[in-house]
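What follows is one structure encoded as structure tokens, with my remarks underneath.
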Amino acid sequence: MIPRALGKRIMGIKFEMLSPDEVRRMSAIKVITADTYDDDGFPIEMGLMDSHMGVIEPGLRCKTCGGRVDDCPGHFGHIDLAMPVIHVGYVKDIKRLLQSTCRECGRLLMTKDQIDEAQRLRREMDELGGDTTDFDMLTKRTAKDASLKTICPYCGAEQMKITLDKPSTFRENGHKLTPKEVRERLERISGPNPKTSMVNPQEDLEIMGINPQVARPEWMVLTALPVPPVTVRPSITLESGDRSEDDLTHKLVDVLRINQRLRENRDAGAPQLIVEDLWELLQYHVTTYFDNQTSGIPPARHRSGRPLKTLVQRLKGKEGRFRSNLSGKRVNFSARTVISPDPWLSINEVGIPVEAARELTIPIRVTAANLDYVKALVKRGTEPVDEDGNYLPGVNYVIRGDGRRIKMTTKNAEATSEILEIGQIVERQLLDGDIVLFNRQPSLHRMSMMAHRVRIMRHKTFRFNLCVCPPYNADFDGDEMNLHVLQGLEAIAEGEILMLVQENILSPRFGGPVMGAIHDHVTGIFMLTYRDPKFTREQAMEIVNRLGTGIVLPKPKTIDGKEYFSGKALFSLALPDDLTISYKASICEKCDSCKKEDCKYDAWVKIEDGELLMGTMDAKGIGAFKGKILDKIARDKGTTAAREFLEVATKLSIGAIMVRGFTTSIDDEDIPLQARKDIKKMLDDAISDVEKKVRAYNEGKLDQMPGRSMEETLEVEVMKILGKARDETGKKAGEYLGIENSAVVMARSGARGSMMNLSQMAGCIGQQAVRGERLKRGYDDRTLPHFAPGDKGAAAKGFVTACYKSGLSPTEYFFHSMGGREGLVDTAVRTSRSGYMQRRLINALEDLRVMPDGTVRNTAGTIIQFKFGEDGIDPTRSIQGKAVDLDDILTDVLGEEPEPGDDDREIIGYGEQEHDTEIEPDEAIEVEEEGGGGDYEGGGSGGGEG
Amino acid sequence: MVEFNVLEHELVPSHELLTPKEAEAMLKRYGITKDQLPKIRVNDPCIAALIDAGKDIKEGQIVKITRASEVAGVSVAYRLVVTA
Ligand SMILES: [Mg+2]
Ligand SMILES: [Zn+2]
Ligand SMILES: [Zn+2]
Ligand SMILES: [Zn+2]
């Protein structure tokens, strides 16, 4: 065992200011000339490309360390500035220091008591574990107090007003302070006091948030500028032979030129005005060298007009070093395109366009066993097709033993194939059945990246089975996805065993299926099984035909001399032979006492030995997140059986929906005139009830509720009345929306939409709310000028009596938009906040793993948890979080369902939860997931995707 | 002397000091050294309570924490006592 003590841990990283001394000490060369290369193309001594700062051309040696291009890390040089210059990064701190210290003696403008108090506050914060922001706030407060003093409490000097002229000009009562004067003042802080010829106390700096041990304020005004190594600003040679210098080099050239002219003019005793102009120019160049987007000054530009990319630009933003190079990296062997659905593919497959397949390769090593095969492959060239013009894989590169890559062309294919040797590597184009990783951002859980088998297809989109939409959270309104081709045998094996789609049907998040039937799949399976419909032989064949060959139709039944096939029997084709399960379907009416087998709604599902005896298939059986049958098969019979079941069931479902036909339109929400009148009456009654309450409130006759004010009491009462009214109208409308109605079929079977949505379309939309309260904001004492001030009635505070079908009145429409806006903002805020939270969690947990002994440890071997999750249970394999499902085991052993009491275990924690599907009154305005919310995405970063 | 023994609160799990022998066995069971254990400070209220109860606790000793777990019934963890 390697002693762990040998490893070194990083205790911390300190960020300090560089002193001019240190700049010079770490410098390998003093740069004095703005020239770079001589006529022969060699770096000029003491120039910007001096070889003391490292080398970028092969063959040359570094004059500092003697290393060649690959060994020399590069070394800093420096420029001695003729005159001091303000560092833009520190202007705020300089301003604060100037304002809070004496212009003459350099003391902090605070009395002894104030200083003691400030020190006490800092100490206290330290003890309570304040972070940098806390200290910053404290420093700012202290500085503010100090800068208010007009007379120095130590020397009595009168203080003047210091202002900052952005970006880096300081003024005192309007008179300009040169960087030199600024520097002199900073030197006096906790430094030599010209009045007392003593040293000012160190506390002054400490209170201002600067540690005098490591930093001096005058270092914020530069006298020496570090020149970064050549290796961080390499010049590139263009095809024409011209050299093109890095933006940083360009900027340093400017600095050096002006620095030189400034020195000459100053030494020659040139007029003050000229010197000052040059000084300001130097300041400009040094400022833009640090940050070329400093507000208040024009950015330095290339001759072409392109702004230069200087230090800050290299680091900042999405394209900066951190987000683009350190947190994220680009990879080869990947592809991205728009996605579209293909119900004919297996859930394990992904359809890949020929164009992409030709670019993506897999390396295969040539061995004695595959030599002939690989030779034939190479001979084909880069774009082979078979005699029908179908795709065949070709070879893009051959990598020889010495590591040289040979690019294949139609010309060299034959010859390369002849000289192919064992041990070489051939990069072969994709082939049906290859394992690739498929990913959709945001990658929020591990099912966001799964392994698929390749199917090379025509057309230019990636295609996959619709059952895989939920784990990726994908739809086809323009979504794009990424694909990565695995390059090693181990990676391919891991991908296939661990990441294949079927291996991820059960989610580790809640121990249930994340994949399954969606939308029309659910409607279709409902239509196939609800009240056991009859299908003719032709229809039955039509339904079954897409399952492929070898299907044996169930025995037909004969009624009135005609034979027909039962929908339930057709569905049973999908079930494994020995499956036994019973549960309440989605369409269950939730009767007070469930009649089970005698359910008159066909909602009690009973499957015995792979035969659907009664009940209706819907989302509860095979739907994503909810499918109980899917869950059971995946658990008991394995992932392959689960995949097969899902594929067969959805194909049957598509067959059924195609045979029957299915459509929905606005007249699905039609209700009889009498019902409309009834609803109007109910709403009118409710509104007058509200008015009565409001009147009682105004007269002070309302019975106050315990713990609430009169006003709150009124609100609660009103909300109760209106909520009840909305529910009743919904119920009334629902009476006319039977199961023969397409919209109702979708809602009840769990395919899409809810009865709540329907009742809002047919009945009444209900109360609009912001922050869970009736609308109240807008004008003084009223929401809109259409209402009297102080009106507390239903209409005036956002109760919408209309339904979506009848259309909203203008005021109602406005109120509805108010509620809708809250939904949009909520989603936008929620996603950004939860994203940040997730990133923090991932950063904290990413390198933890479960060891063979069941402990959870980090990379240092430190134990984080003594037993994974305290119980050592893999949530993927748990039964809704529990280790064993006793009921299920009993059913298996006894062959009879044990009486579960009446608690009827509902699946808890499943992806979609009760409150997700049943919309609360104030959430009633459904925020359309596609479109609507999209407007708030991305902060205008350009992408036009759905 | 503390006014209230935190260990008697129903939300505070039981803390027991391991004997050197027990500690040895535990470390061996997990195949770890002391530094790989989660830590607890000597001035932690629970440790203070143990000290008040007459235990002589120094840095480097190990306490066993037994808590009621929602998922596992009982769950056991160990912590190394470290300086404040
Ligand atoms: Mg989309
Ligand atoms: Zn070097
Ligand atoms: Zn003074
Ligand atoms: Zn029922």
Side-chain angles (χ1 to χ4, degrees), chain A residues 1-11 123-124 126-129 507-512 844-845 847-886 905 907-910, chain B residues 2 7 9-48 50 57 59-84:
Chain A
M1 198 181 108
I2 307 160
R4 264 175 299 103
L6 279 185
K8 293 273 191 284
R9 300 242 172 96
I10 296 172
M11 295 302 289
R123 256 198 316 273
E124 195 172 80
D126 204 26
E127 270 160 31
L128 298 178
S507 162
R509 195 175 86 217
F510 53 85
L845 303 176
D847 53 21
L848 304 189
R849 58 183 178 145
V850 185
M851 304 297 283
D853 66 355
T855 57
V856 179
R857 305 197 191 191
N858 65 15
T859 42
T862 305
I863 292 183
I864 306 298
Q865 236 175 11
F866 283 83
K867 198 168 192 189
F868 171 72
E870 292 193 340
D871 56 2
I873 300 294
D874 172 2
T876 311
R877 270 155 256 258
S878 68
I879 295 28
Q880 284 100 56
K882 293 272 184 322
V884 281
D885 184 351
L886 272 182
R905 198 167 38 85
I907 295 177
I908 39 115
Y910 265 31
Chain B
V2 280
L7 290 175
H9 194 281
E10 60 168 357
L11 292 176
V12 178
S14 107
H15 288 60
E16 298 165 66
L17 186 67
L18 290 193
T19 64
K21 225 178 184 169
E22 288 168 332
E24 181 87 4
M26 188 275 293
L27 292 173
K28 205 166 164 201
R29 195 160 68 243
Y30 287 103
I32 53 170
T33 45
K34 279 182 181 176
D35 63 306
Q36 285 168 297
L37 284 171
K39 316 282 187 284
I40 189 167
R41 295 188 188 219
V42 262
N43 62 354
D44 184 282
C46 289
I47 300 297
L50 282 182
I57 302 186
E59 294 130 39
Q61 290 186 300
I62 297 168
V63 284
K64 176 184 180 184
I65 299 164
T66 315
R67 49 169 66 91
S69 158
E70 199 182 318
V71 288
V74 175
S75 114
V76 178
Y78 301 90
R79 280 172 188 272
L80 178 74
V81 180
V82 294
T83 25

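Each chain gets a letter, A, B and so on, in the order its sequence line appears, and its residues count up from 1.
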Value rounded to 0.5 Å, distance of [atom1] in [X] from [atom2] in [Y]:
X: B:R29; Y: A:T855; atom1: CZ; atom2: OG1; result: 12.0 Å
X: B:L37; Y: A:T862; atom1: CG; atom2: OG1; result: 9.0 Å
X: A:M851; Y: B:Y30; atom1: CE; atom2: OH; result: 13.5 Å

Contact class of B:V74 relative to chain A, heavy atoms under 4.5 angstrom:
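B:V74 has no heavy atom closer than 4.5 Å to chain A.
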Does atom CD (B:E22) have a neighbourhood of more than 12 heavy atoms from anything else shown, all under 6.0 Å?
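Yes, enclosed.
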List the atom of [X], the atom of [Y], and the distance in Å for their closest heavy-atom pair.
X: B:V71; Y: A:E870; value: CG2-CB, 4.2 Å
X: A:I863; Y: B:I32; value: CD1-CD1, 3.6 Å
X: A:F866; Y: B:V76; value: CB-O, 3.7 Å

